[in-house]
There are 2 protein chains.
Amino acid sequence: MLRKDILKKLKQHGVLPTSQRVEVAAILLARPQHLSADQIIDKLNGRGSRVSKATVYNTLKIFSEQGIVKELSVDSRCKFYDSTTDSHHHFYHVDSGQLSDIPESQVSISSLPPLPTGTEQESVEVMIRVRDKGR
Amino acid sequence: MLRKDILKKLKQHGVLPTSQRVEVAAILLARPQHLSADQIIDKLNGRGSRVSKATVYNTLKIFSEQGIVKELSVDSRCKFYDSTTDSHHHFYHVDSGQLSDIPESQVSISSLPPLPTGTEQESVEVMIRVRDKGR
DNA sequence: GTCAGTGCAAACCCTTTGCAGAAAG
DNA sequence: CTTTCTGCAAAGGGTTTGCACTGAC
């Protein structure tokens, strides 16, 4: 994603594009991926950017509140931030903790239960947990 | 669940049924439900049981390792322990953080993607996120 | 100038660990 | 008796908060 498009995206979502926010966005939005705050901090350090830990956390919180990224709670140890905000499904590799996307089109659900009274559906997500063969 | 059946269940899973473990099991296995460690501690205190925080955590860890309960990571703030260990699906009420079960039979998935090479399926779980209507 | 964003460290919360004492087989 | 479990307090790891400083409009 080009810097120009990142600036546009942040503004579209009502987020002031400060240099630190653009740096975080440039890493996370580079491709469809799932990164933890920690992984993002490592990547920032790797490219010589100086963004403090707290700012990364604050930025990710703002991004997910504004719908720029999607927060995932798969592992109770840490949150993951998904650069793909559309509804989609995931493989979760339990041995490595690695998440990967499954396009919505590759899963079809033919029946669902009625929703609890007074609620409306926000999303339906399928998680396929996999492990290394023959463990 | 009767105390006698709890003792049996713990033994079946190779867990020594100490009094603290039986107390924790009695609360969690009372009905199909999802409780956090904290909620269990509150309930123990409420009924006047004296089980330390660390012991509750250690006990829950042992229970989930031995398949007596199922550990769920829905909320990154805390783990939930599910008294239903069979494969099943969940509603997640995003406003309240409340989880509820969906029997496996009420969801049918008609197509799934191929698994990543070298992996085997551990489980397929559907999470339906719902929110209060007209928020 | 004013208001929002940043950096740092300290605070926080849930969970795990270490160790001495207690209990189970 | 030996091994395992318990309780407490302290450590741990990820995340959030408070506050002075900096920077944007």
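By convention in this document, chain letters (A, B, ...) are assigned in the order of the sequence lines, proteins followed by strands, and residues within each chain are numbered from 1. Computed from a predicted structure; not experimentally measured.
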### Message
Give me the atom names and distance for the closest heavy-atom approach of A:E104 to A:H89.
### Response
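Scanning both residues completely, I find the closest heavy atoms to be OE2-NE2, 3.7 Å.
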Expressed in angstrom and rounded to an integer, what is the separation of [X] atom [atom1] from [N] atom [atom2]?
X     : N      : atom1 : atom2 : value
B:D75 : C:dC13 : CG    : P     : 15 Å
A:I62 : D:dT15 : CD1   : C1'   : 14 Å
B:I41 : D:dG7  : CD1   : C1'   : 13 Å
A:K79 : C:dC13 : NZ    : P     : 14 Å
B:L60 : C:dT17 : CG    : P     : 15 Å
B:Y57 : D:dA9  : OH    : C1'   : 15 Å
B:N58 : D:dA9  : CG    : P     : 16 Å
A:E71 : D:dT15 : CD    : C1'   : 11 Å

### Query
Base, sugar-phosphate alone, or nothing: which one does A:T55 contact when heavy atoms must sit under 4.0 Å apart?
base
### Task
Give one of base, sugar-phosphate or nothing for A:D38, where a contact means two heavy atoms less than 4.0 Å apart.
nothing
### First of B:S19 and B:S36 reached from the 5' end of DNA chain C, by closest nucleotide
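Closest to the 5' end, via its nearest nucleotide, is B:S36.
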Tell me whether the side-chain N/O atoms of [X] come closer than 4.0 Å to OP1 or OP2 in [N].
X     : N      : value
A:R77 : C:dC14 : no
A:Q20 : D:dG23 : no
A:R50 : C:dG7  : no

The side chain of [X] lies closest to which of these nucleotides: [options]?
X     : options               : answer
A:K53 : D:dG7, D:dT15, C:dT16 : D:dT15
B:R21 : C:dT15, D:dT16, D:dC5 : D:dC5
B:L16 : D:dG7, C:dT15, D:dT4  : D:dT4
B:S52 : C:dT15, C:dT17, D:dG7 : D:dG7

### Query
Start at the 5' end of DNA chain D and walk down; is the nucleotide closest to B:S76 or to B:A54 reached first?
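It is B:A54 whose nearest nucleotide is closer to the 5' end.
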### Task
Walk me through it: do A:S123 and A:S87 pass the test side-chain hydrogen bond (donor to acceptor under 3.5 Å, both in side chains)?
CA-CA 7 Å; A:S123 65; A:S87 172; over 6 Å; no
### Query
So do the side chains of B:V69 and B:D82 get within less than 4.5 Å of each other, counting heavy atoms only?
no
### Nearest-0.5 Å distance that lies between atom CD in A:E23 and atom CZ in A:R47
6.5 Å
### Query
Would you call the rings of B:H34 and B:H90 parallel, tilted or perpendicular, where under 30° means parallel and over 60° means perpendicular?
perpendicular
